[in-house]
Amino acid sequence: NAGVIQTPRHKVTGKGQEATLWCEPISGHSAVFWYRQTIVQGLEFLTYFRNQAPIDDSGMPKERFSAQMPNQSHSTLKIQSTQPQDSAVYLCASSWGGRQDTQYFGPGTRLLVL
Amino acid sequence: GDSVTQTEGLVTLTKGLPVMLNCTYQTTYSPFLFWYVQHLNEAPKLLLKSSTDNKRTEHQGFYATLHKSSSSFHLQKSSVQLSDSALYFCALSDISGTYQRFGTGTKLQVVP
């Protein structure tokens, strides 16, 4: 089992550019989570899918951030018009059933916005 | 609302000493508590979890007991090692998966 796969591992963008982050959950897992981690804010929940349907996006910034899960094998997090404050490690996690189950985290994508 | 609190931001200990990292929670649901550990430049991974009141859960030398009476799930180890230096997150859900909350994390730094 390869675990949760995230690509790219590192991304550098210029201010105002778009960034798309990819996540491949563990095969058979029905839930996918996205988090943002910074030194200052710690681990912040962004959004949660269950069986590809968006369940909770309460942590997503209302502007510029969007997430999709077009099929059971991958999810994307898109940030439009990136800003320096978007610089962070973006973590994807998956679990068998949902929020009550153990989450398996990917290695993260380190985004740097210059 | 539902919340989880980790009171210590940084704990520095000498190798071989015992440690207790605090985790308390608030919820009106039936709680499910987790401890995740994140080593430097690695992904968080599960260390312990429990939904059973007053039952000690152990893994890799760490242990915790969910006490619903005091709304606590403190993480303990009798003798810390240098390799235990990491960020530890306490997380709260309920047995139905209605919600989840992560604590702010406690950085454990073990020195020789």
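Lettering of chains follows the sequences in order, A, B, ..., and the numbering in each one begins at 1. Predicted, not measured: the structure shown is a model, and the values here were computed from it.
For B:Leu87, the part lying near chain A is the side chain, with the backbone staying farther off; criterion is any non-hydrogen pair under 4.5 Å. Residue B:Ser51: no heavy atom, backbone or side chain, is found under 4.5 Å from chain A. Heavy atoms of A:Asp101 lying under 4.5 Å from chain B belong exclusively to its backbone.
Looking at A:Thr47 and A:Phe65, their side chains never come closer than 4.5 Å, going by heavy atoms from C-beta outward. Using a 4.5 Å heavy-atom cutoff, the side chains of A:Lys78 and A:Ser66 are in contact. Counting only heavy atoms from C-beta outward, the side chains of A:Leu77 and A:Met60 approach each other to under 4.5 Å. The closest side-chain heavy-atom distance from A:Met69 to A:His74 is not below 4.5 Å. Two residues are said to be in side-chain contact when any heavy atoms from C-beta on lie closer than 4.5 Å; A:Ser58 and A:Tyr48 fail this criterion. Looking only at side-chain heavy atoms (C-beta outward), A:Arg50 and A:Ser30 come within less than 4.5 Å of each other.
Contact record, A:Ser95 with A:Thr102: CB-O, 3.2 Å, taken as the closest heavy-atom pair. Residue A:Gly16 comes nearest to A:Gln83 through the heavy atom pair N-NE2, 4.4 Å, listed as atom of the first residue, atom of the second, then distance. The two atoms that bring B:Glu8 and B:Thr106 nearest to each other are O-OG1, 2.6 Å, heavy atoms only. For the pair B:Leu92 and B:Ser3, the tightest heavy-atom approach, listed with the atom from each and the gap, is CD2-O, 3.5 Å. The shortest heavy-atom contact between A:Ser73 and A:Pro25 is O-CD, 3.4 Å.
Close approach to chain A, defined as a heavy atom under 4.5 Å from one of its heavy atoms, is seen in B:Phe32, B:Phe34, B:Tyr36, B:Gln38, B:Asn41 of residues 31-41 of chain B, taken by number. For residues 53-82 of chain B, an interface with chain A (any heavy-atom pair closer than 4.5 Å) does not exist. Residues of residues 12-29 of chain B never come closer than 4.5 Å to chain A when only heavy atoms are counted.
Heavy-atom pairs under 4.5 Å with chain A peak, among B:Ala43, B:Ser93, B:Pro44, at B:Pro44.
Remark: A:Gln72 CD is loosely packed, at most 12 non-hydrogen atoms of other residues, nucleotides or ligands lying under 6.0 Å away. For A:Gln68, the CD atom sits in a loose shell: 12 or fewer heavy atoms of surrounding residues, nucleotides or ligands are nearer than 6.0 Å.
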Side-chain donor-acceptor pairs under 3.5 Å in residues 103-114 of chain A, sequence neighbours left out?
residue, atom, partner, partner atom, Å
A:Gln103, OE1, A:Tyr35, OH, 2.7
A:Gln103, NE2, A:Tyr35, OH, 3.2
A:Gln103, NE2, B:Gln100, OE1, 2.5
A:Thr109, OG1, A:Pro8, O, 2.5

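With 3.5 Å as the limit, one finds no donor-acceptor pair spanning the side chains of B:Thr98 and A:Arg99.
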